**Student:** 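There's a structure below that I have some questions on.
All figures in this text were calculated on a predicted structure; none of them were measured in a lab. Residues: numbered from 1 along the sequence shown.
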Amino acid sequence: MKIKSTRFGELEVEAEQLYNFPQGIPGFPDMKTFVFIPLAEESPFAYLQSTTEANLTFLLANPFAVFTDYEFVLEDEVAQELDLSQGNPPQVFLIATVKGKLADMTVNMMAPIVMNGLKHTGRQVILDKPEYSIRHKLFPDGLPKEADKGGT
């Protein structure tokens, strides 16, 4: 399958890269199918590209690679909807936003993207955790040294 992306140009996409979001993503309820594009094998970053809207690409960050204390309880209803289990745990990502400098990148800790890597389904979950912010600074102590050298 070929899709168009303003970020990546024309992409040849394999079926195993496609993820269905039956409820869409808040703010984009009609966007149901996305391509999951890891940035690099060991990178905590990935992209989620809409298959129907070339201008819609989300930058994702693995919260557990960055925040040692990030945690939440996934509601049973969501786990059942996504067909998650102990044998098939969720993949969790935060939507990242870069405005200006990379050092000022923020992530939405209040609304993680939860995905089933086996069934290729996903959902953005809104948490009831007032201690989390929708604009949490990803690098509160500045960029890691490898990022300073252009490694991200």
Side-chain angles (χ1 to χ4, degrees), residues 1-72 74 78 82 84 89-152:
M1 164 183 207
K2 288 188 181 189
I3 66 163
K4 292 187 180 183
S5 165
T6 53
R7 179 175 294 277
F8 302 108
E10 188 171 273
L11 290 172
E12 182 67 39
V13 177
E14 301 297 325
E16 56 269 5
Q17 292 176 274
L18 298 176
Y19 279 77
N20 184 36
F21 285 72
Q23 298 180 15
I25 291 179
F28 305 94
D30 296 333
M31 302 295 125
K32 309 269 189 205
T33 308
F34 291 84
V35 179
F36 181 74
I37 306 167
L39 189 63
E41 195 171 319
E42 297 297 318
S43 175
F45 296 100
Y47 291 100
L48 203 58
Q49 170 66 55
S50 169
T51 59
T52 56
E53 176 54 58
N55 290 319
L56 184 59
T57 308
F58 295 105
L59 174 60
L60 304 179
N62 177 341
F64 308 113
V66 182
F67 304 110
T68 57
D69 59 346
Y70 185 71
E71 62 180 31
F72 62 92
L74 192 61
V78 175
L82 293 175
L84 299 168
Q91 296 173 312
V92 178
F93 295 94
L94 304 177
I95 294 178
T97 304
V98 182
K99 292 183 180 174
K101 297 186 291 186
L102 188 60
D104 295 330
M105 181 187 301
T106 61
V107 290
N108 183 346
M109 294 179 77
M110 184 78 85
I113 298 287
V114 179
M115 301 188 325
N116 178 329
L118 297 178
K119 301 267 181 153
H120 293 257
T121 58
R123 178 174 169 182
Q124 186 172 26
V125 179
I126 311 300
L127 303 178
D128 185 18
K129 292 194 68 113
E131 66 270 27
Y132 289 157
S133 165
I134 62 170
R135 288 187 189 90
H136 186 86
K137 202 162 178 181
L138 188 60
F139 305 113
D141 299 324
L143 287 172
K145 293 213 183 278
E146 58 272 11
D148 277 340
K149 296 174 187 165
T152 313

**Student:** Salt bridge (Lys or Arg N to Asp or Glu O under 4.0 Å) between D104 and K137: does it pass, once the steps are laid out?
**Tutor:** CA-CA 7 Å; D104 295 330; K137 202 162 178 181; 3.4 Å; yes

**Student:** Give the C-alpha distance, both sets of side-chain angles, the deciding distance and a yes or no for ring-ring contact (aromatic ring centres under 6.0 Å, His included) between F36 and F58.
**Tutor:** CA-CA 10 Å; F36 181 74; F58 295 105; over 10 Å; no

**Student:** Does the side-chain contact (heavy atoms from CB on, under 4.5 Å) test come out yes or no for V78 and R123, once each step is laid out?
**Tutor:** CA-CA 8 Å; V78 175; R123 178 174 169 182; 3.4 Å; yes

**Student:** Should F67 and M109 count as side-chain neighbours, where that means a heavy-atom distance under 4.5 Å?
**Tutor:**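 A side-chain contact exists here, since the closest heavy-atom pair is under 4.5 Å.
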
**Student:** Any donor and acceptor pair, going by atom type alone, linking the side chain of E12 with main-chain N or O of M1 inside 3.5 Å?
**Tutor:** yes

**Student:** Is it true that a side-chain atom of T33 and a backbone atom of T51 form a donor plus acceptor pair closer than 3.5 Å?
**Tutor:**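 Here the side-chain-to-backbone pair does not exist.
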
**Student:** Indicate yes or no: at least one non-hydrogen side-chain atom of L60 is less than 4.5 angstrom from one of L94.
**Tutor:**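 Counting from C-beta outward, L60 and L94 never come under 4.5 Å.
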
**Student:** Could you check whether any side-chain N or O of K32 sits under 3.5 Å from a backbone N or O of F21, counting only pairs where one atom can act as donor and the other as acceptor?
**Tutor:** no

**Student:** Do other residues, nucleotides or ligands put more than 12 heavy atoms under 6.0 Å from E42 CD?
**Tutor:**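 Open: at most 12 neighbouring heavy atoms sit under 6.0 Å from CD of E42.
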
**Student:** If you define the side chain from C-beta out and look only at heavy atoms, does anything of K119 sit under 4.5 Å from L84?
**Tutor:**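 They are not in side-chain contact.
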
**Student:** Please report the closest heavy-atom contact between A111 and I126, naming both atoms and the distance.
**Tutor:**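 Result for this residue pair: CB-CD1, 3.7 Å.
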
**Student:** Can L127 and Y132 be said to form a side-chain contact (heavy atoms from CB on, under 4.5 Å), step by step?
**Tutor:** CA-CA 9 Å; L127 303 178; Y132 289 157; 4.0 Å; yes

**Student:** Would you confirm whether the ring centroid of F45 sits within less than 6.0 angstrom of the ring centroid of F93?
**Tutor:**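 Ring-ring flag for F93/F45: false, centres at least 6.0 Å apart.
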
**Student:** Atom OG1 of T68 and atom OH of Y70: how far apart are they, to the nearest 0.5 Å?
**Tutor:**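 So the OG1 of T68 and the OH of Y70 are separated by 13.5 Å.
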
**Student:** Give a yes or no on whether the ring-centroid distance for Y47 and F34 is below 6.0 angstrom.
**Tutor:**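 No: the rings miss the under 6.0 Å criterion.
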
**Student:** So Q49 and I3, do their side chains get closer than 4.5 Å, heavy atoms only?
**Tutor:**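 Answer yes - side chains close enough.
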
**Student:** To the nearest 0.5 Å, what is the distance between CG on N108 and OG1 on T97?
**Tutor:**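 Spacing of CG (N108) from OG1 (T97) equals 7.5 Å.
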
**Student:** Under 3.5 Å, is there a donor-acceptor pair between the side chain of Q124 and the main chain of I25?
**Tutor:**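 Flag not set: sc Q124 to bb I25 has no pair under 3.5 Å.
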
**Student:** Does any N or O in the side chain of T106 come within less than 3.5 Å of the main-chain N or O of H136, such that one atom is a donor and the other an acceptor?
**Tutor:**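 Looks like no, no N/O pair under 3.5 Å.
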
**Student:** If I take atom OG1 from residue T121 and atom CD from residue Q23, how far apart are they, to the nearest 0.5 angstrom?
**Tutor:**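 It comes to 11.0 Å.
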
**Student:** Kindly compute the distance separating CE (M110) from CD (E131), expressed to the nearest 0.5 Å.
**Tutor:** 8.0 Å

**Student:** Check for a donor-acceptor pair, side chain of N116 on one end and backbone N or O of L82 on the other, with a separation under 3.5 Å.
**Tutor:** yes

**Student:** So does M31 get a backbone contact from the side chain of E53, meaning a donor-acceptor N/O pair under 3.5 Å?
**Tutor:**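 No: the side chain of E53 does not pair with the backbone of M31.
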
**Student:** Search all heavy atoms of P44 against all heavy atoms of A65 and return the closest pair with its distance.
**Tutor:**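 Heavy atoms of P44 and A65 come nearest at CB-CB, 3.7 Å.
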
**Student:** Determine whether L138 and V66 satisfy the following criterion, side-chain contact (heavy atoms from CB on, under 4.5 Å), listing intermediate values before the conclusion.
**Tutor:** CA-CA 8 Å; L138 188 60; V66 182; 3.6 Å; yes

**Student:** Measure the NZ-OG1 distance between K4 and T52 for me, rounded to the nearest 0.5 Å.
**Tutor:** 13.5 Å

**Student:** Do any N or O atoms from the side chain of H120 and from the backbone of Q17 form a donor-acceptor pair under 3.5 angstrom?
**Tutor:**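 Looks like no, no N/O pair under 3.5 Å.
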
**Student:** What closest approach, in Å, do E10 and K2 show between heavy atoms, and which atom pair accounts for it?
**Tutor:** OE2-CD, 3.4 Å

**Student:** Is any side-chain heavy atom of L48 closer than 4.5 Å to one of I95?
**Tutor:**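 Of all side-chain heavy-atom pairs linking L48 with I95, none is under 4.5 Å.
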
**Student:** Under 4.5 Å between any side-chain heavy atoms of F72 and V92, yes or no?
**Tutor:** yes

